[in-house]
Amino acid sequence: MKNNNRKPKKKRLLPGLKRVKVNSGQDAVIRWIKIAVIVIGALAVLVIAGNRFGNFTVASISDYFNGLMSGIKKGDGYPYYFDSASVKDIKKIDSDLLVIGDDGFYVLDSTARKLNNTRHAYSEPVCDTVNGRAIIFDIGSCSYQIVSKTSVMYEGSTSQKILTACIGKDGIYAIATRGESSVSQLTVYNKRNAEIFKWNCSKENIVSVDISDNCKRAVVSVIGAENGELYSKVLVFDFEYKEPLTDIYFGSQIVAKVEYINRNRIVCSGERTLTFLNRKFERTDIDLSLNNLSRIYTGENNLTAVVLSKYGSSSSKIINVYNKNGKQLFTKELDFAVRSVSCDGDYISVLSDKKLVSFSRHGREVGNTEITSDGIYCFIDGNIIYVMTTNGINAHKTFGTHGLELVTRTAQVNNE
């Protein structure tokens with residue numbers, strides 16, 4: 001006969017643990033605390049991704065988690081040497097570098113580790129980057145790709161040959177092509193790659209396009225000819241309307257590049273042109289006098305650095321730096337030729353054939369580094385400046401005088 005009065009066996013506890021009585025009310029409290037911890041953790045991830053990429057998207061968070069998962073892996077540090085001398089272009093993509101070659105592209109992180117190593121068949125690859133995303137397109141062809149730092153997100157094609165393209169902060173992008181029934185046309189796609197706007201430019205060629213920070217507008221620069229003379233115009237479109245919000249005539253002052261800064265403010269630039277447009281499209285024309293604009297760089301934080309050739313000279317330059325409202329922060333004369341200029345929120349780097357000079361946003365020289373004579377582009381990222389050469393990428397310190405000393409980067413360096 002079974003003994004129904006047998007006492008149930010007590011569960012054994014691990015050594016050092018004591019049994020604690022928990023009632024149903026405490027159970028509920030603990031359950032809600034667990035839920036709160038999970039929610040707070042999820043929100044923390046979203047905030048981190050939002051701060052890093054500027055918007056909450058599945059792709060942004062995916063990139064962030066990919067970075068966390070691969071964070072224990074590191075490259076050999078800088079300098080980094082190219083496998084071949086076929087590099088076409090390099091652009092910053094967040095704090096990393098997007099390297100485009102003849103037959104492929106890849107991203108180098110702060111330790112020179114390769115990410116997103118992808119092949120392509122483009123003959124003239126060009127790219128535009130913002131907010132950790134890039135559009136890579138083939139000039140004169142019909143192919144393009146949307147990529148993140150870790151993956152190819154979309155491969156597309158156009159019916160007409162591509163003239164130029166750009167990508168916006170929330171993933172929408174614009175592509176200018178030859179027109180089907182016009183000289184050129186602009187098509188804008190959302191982040192799901194669906195067409196949301198199209199404009200046919202009947203008489204002019206589109207040469208530059210950019211998307212506003214809120215991704216609701218596009219600014220376009222066009223060049224046409226009339227009576228044997230070239231002319232330039234800048235138009236701004238809201239994607240909810242067919243007609244432009246403004247159509248600004250620049251005449252013979254050719255606008256080769258347009259960029260949004262500080263939400264709906266715009267900078268228009270060309271060899272003899274530098275103009276800031278405010279939110280009401282009122283113009284502030286910068287007097288270049290007898291100087292030519294030779295270099296311009298606008299960081300994602302809206303600081304704009306402009307290099308002028310003094311009286312057209314190749315060896316005497318002037319650098320002007322403007323804040324997000326188009327106000328000049330400083331101007332300096334330089335006694336050397338400038339190959340490249342770059343800026344972030346706090347510092348500006350200027351590359352010549354012999355040295356690399358860095359300035360604060362108020363014009364104080366904070367660094368001066370000797371370099372080899374084959375430097376091509378420079379990219380500043382806080383206290384590190386990357387320099388592209390004919391055979392690789394070097395990393396130099398932003399601050400102080402370092403001679404030919406290079407920085408070997410083996411870990412992420414935070415902006416100061």
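The first residue in the sequence is number 1, and the count goes up from there.
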Does any N or O in the side chain of [X] come within less than 3.5 Å of the main-chain N or O of [Y], such that one atom is a donor and the other an acceptor?
X    : Y    : answer
H396 : N368 : no
N302 : N262 : yes
T129 : K91  : no
N394 : V387 : no
T275 : C268 : no
D128 : A165 : no
T158 : Q160 : yes
D96  : I93  : no
S342 : S349 : no
S212 : N264 : no

So, taking the atom named [atom1] in [X] and the one named [atom2] in [Y], what distance separates them when rounded to the nearest 0.5 Å?
X    : Y    : atom1 : atom2 : value
I135 : C127 : CD1   : SG    : 10.0 Å
F330 : N320 : CZ    : CG    : 8.5 Å
S143 : I162 : OG    : CD1   : 7.0 Å
E204 : L230 : CD    : CG    : 11.5 Å
R133 : D94  : CZ    : CG    : 8.5 Å
T398 : N383 : OG1   : CG    : 5.5 Å

Is there side-chain contact between [X] and [Y], with heavy atoms separated by less than 4.5 Å?
X    : Y    : result
V267 : Y322 : no
Q145 : F105 : yes
R339 : D353 : yes
D109 : K149 : no
F336 : K355 : yes
V321 : Q328 : no
V99  : M388 : no
L108 : Y386 : no

Is it true that atom [atom1] of [X] has more than 12 heavy atoms of other residues, nucleotides or ligands lying nearer than 6.0 Å?
X    : atom1 : answer
E282 : CD    : yes
R279 : CZ    : yes
Y249 : OH    : yes
K161 : NZ    : no
R263 : CZ    : no

Can a donor-acceptor pair be found between the side chains of [X] and [Y] at a distance below 3.5 Å?
X    : Y    : answer
N301 : D344 : no
T304 : T298 : yes
T389 : N391 : yes
S309 : K317 : yes

Quick one: closest heavy-atom pair of [X] and [Y], and the distance?
X    : Y    : answer
V130 : K169 : CG2-CG, 3.8 Å
K324 : R265 : O-CD, 3.6 Å
A256 : S208 : O-CB, 3.5 Å
L303 : N323 : CD1-CA, 4.1 Å
L351 : G375 : CD2-C, 3.9 Å
C378 : L356 : CB-CD1, 4.1 Å

Between [X] and [Y], what is the ring plane arrangement, given parallel below 30°, perpendicular above 60°, and tilted in between?
X    : Y    : value
F379 : Y377 : tilted
Y347 : F399 : perpendicular
Y173 : Y189 : parallel

Inset, instruction - Salt-bridge test for D238 and K216: reply yes if a basic N is under 4.0 Å from a carboxylate O, no otherwise. - result: no
Inset, instruction - Tell me whether the guanidinium CZ or amine NZ of R272 lies under 6.0 angstrom from the six-membered ring centre of F250 and within 45° of its axis. - result: no
